[in-house]
Number of protein chains: 2
Amino acid sequence: MNEHVHEAMDLTKNQSLVMGALTRSKGPLSAYTILDQLRDNGFRAPLQVYRALDKLVEFGMVHRLESLNAFVACSHPGCDGDNTIAFMICEKCGQVNEITDNALAKRVKQLAGDASFALKKTTIELRGICRTCQVA
Amino acid sequence: MNEHVHEAMDLTKNQSLVMGALTRSKGPLSAYTILDQLRDNGFRAPLQVYRALDKLVEFGMVHRLESLNAFVACSHPGCDGDNTIAFMICEKCGQVNEITDNALAKRVKQLAGDASFALKKTTIELRGICRTCQVA
DNA sequence: GCAATGTTGTAATAAGATAACGTCACAGCC
DNA sequence: GGCTGTGACGTTATCTTATTACAACATTGC
């Protein structure tokens with residue numbers, strides 16, 4: 001059904017519901033939007049969503065977009081190995097593009113290394129207008 | 001008194017109060033922390049802080065740290081010309097280091113260009129442990 | 001059985017941000 | 001002067017985002 005590598009992990013009921021909502025949606029969702037979408041599935045409180053999201057992020061199946069306070073399903077099977085991911089976020093259509101660029105990641109690590117900074121997580125988010133929205 | 005280039009602009013009373021709070025503090029502050037610090041100066045509502053912050057960010061004198069929901073005074077006089085700034089944020093001591101790296105900025109622009117993405121703003125935030133906190 | 005651990009549910013609340021309203025000061029113009 | 005536009009300011013209420021605290025239940029290992 002879904003070839004996504006991450007899907008192989010076995011998730012709890014709440015986790016798969018949240019994951020399902022995110023994969024169905026083609027863009028990022030806020031925790032509260034997810035909550036609303038899952039009310040029919042028995043979700044009542046934000047915490048149910050946040051708990052599931054925490055785990056999914058930990059598994060590398062979901063990314064958090066800091067500049068949007070929203071979450072998006074990972075679109076690269078192998079991304080969990082590399083925590084240097086960049087996102088291009090279109091401010092018009094809301095679409096998010098996940099990119100892993102080696103040169104970028106390398107430069108970031110270099111900078112951290114130069115400062116003897118023990119890098120744990122990198123957030124790179126590009127805001128702008130995507131190609132298709134520009135012509136329109 | 002203060003050589004910082006940005007200080008040359010003339011700010012409104014509220015803007016200078018907020019700017020003052022941020023420059024006094026050696027780390028990032030949340031909007032509500034600023035509010036509390038300025039109660040004695042007549043601040044009563046969050047909006048007073050947010051309005052000032054909006055302007056200060058627009059002027060390039062203050063940066064917003066998306067991954068912290070906090071704000072920090074700009075430490076580079078010339079940063080307003082280049083909106084590709086990176087931050088190294090120590091999760092232990094809370095200190096923030098502002099870095100402008102040409103190679104990094106160039107790569108980001110390259111990626112955006114390759115995708116015909118009209119880049120407006122770039123957020124780069126490195127989370128980890130700074131050198132001094134590692135030895136401690 | 002029993003402790004340890006982990007998931008779930010629920011309520012309450014904290015923290016972050018904005019909307020909507022009205023007022024005031026000032027510059028530009030007739 | 002009188003008019004108008006603009007921008008800062010103040011206040012209240014509200015909205016969105018996230019966490020704390022507590023109790024119940026299931027599963028595993030001893």
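Letters go in sequence order (proteins before strands), and every chain restarts at 1.
Distance CG (B:Asn14) to P (D:dG7): 17 Å, rounded to an integer number of Å. The nearest whole Å value for the distance from the NZ atom in A:Lys13 to the C1' atom in D:dA26 is 14 Å. Distance, A:Leu11 CG to C:dT8 P: 10 Å, rounded to whole Å. In this structure, the CG atom of B:Leu53 is 14 Å from the P atom of D:dA8, given to the nearest Å.
With sequence neighbours excluded, no residue forms a salt bridge (Lys or Arg N to Asp or Glu O under 4.0 Å) with A:Asp54. Partners of A:Arg51 according to the salt bridge (Lys or Arg N to Asp or Glu O under 4.0 Å) rule, which considers only residues two or more places apart in sequence or in another chain, do not exist here.
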Nucleic acid footprint by protein, nucleotides 11-25 of chain D - heavy-atom cut-off 4.0 Å, B for base, S for sugar-phosphate alone:
BB----BBBBB----

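A single hydrophobic cluster is not seen to contain both B:Val57 and B:Leu119; linkage of ILVMFWY side chains at heavy-atom distances under 4.5 Å, directly or through other members, places them apart.
At a threshold of 4.5 Å between non-hydrogen side-chain atoms, the residues A:Phe43 and A:Asn14 count as touching.
Taking only side-chain nitrogens and oxygens, A:Thr12 never comes nearer than 4.0 Å to OP1 or OP2 of C:dG6.
When atom types are taken as modelled, the side chain of A:Gln15 and the backbone of A:Thr12 share a donor-acceptor pair closer than 3.5 angstrom. Distance alone, capped at 3.5 Å, is enough to place a donor-acceptor pair between the A:Glu125 side chain and the A:Glu66 backbone.
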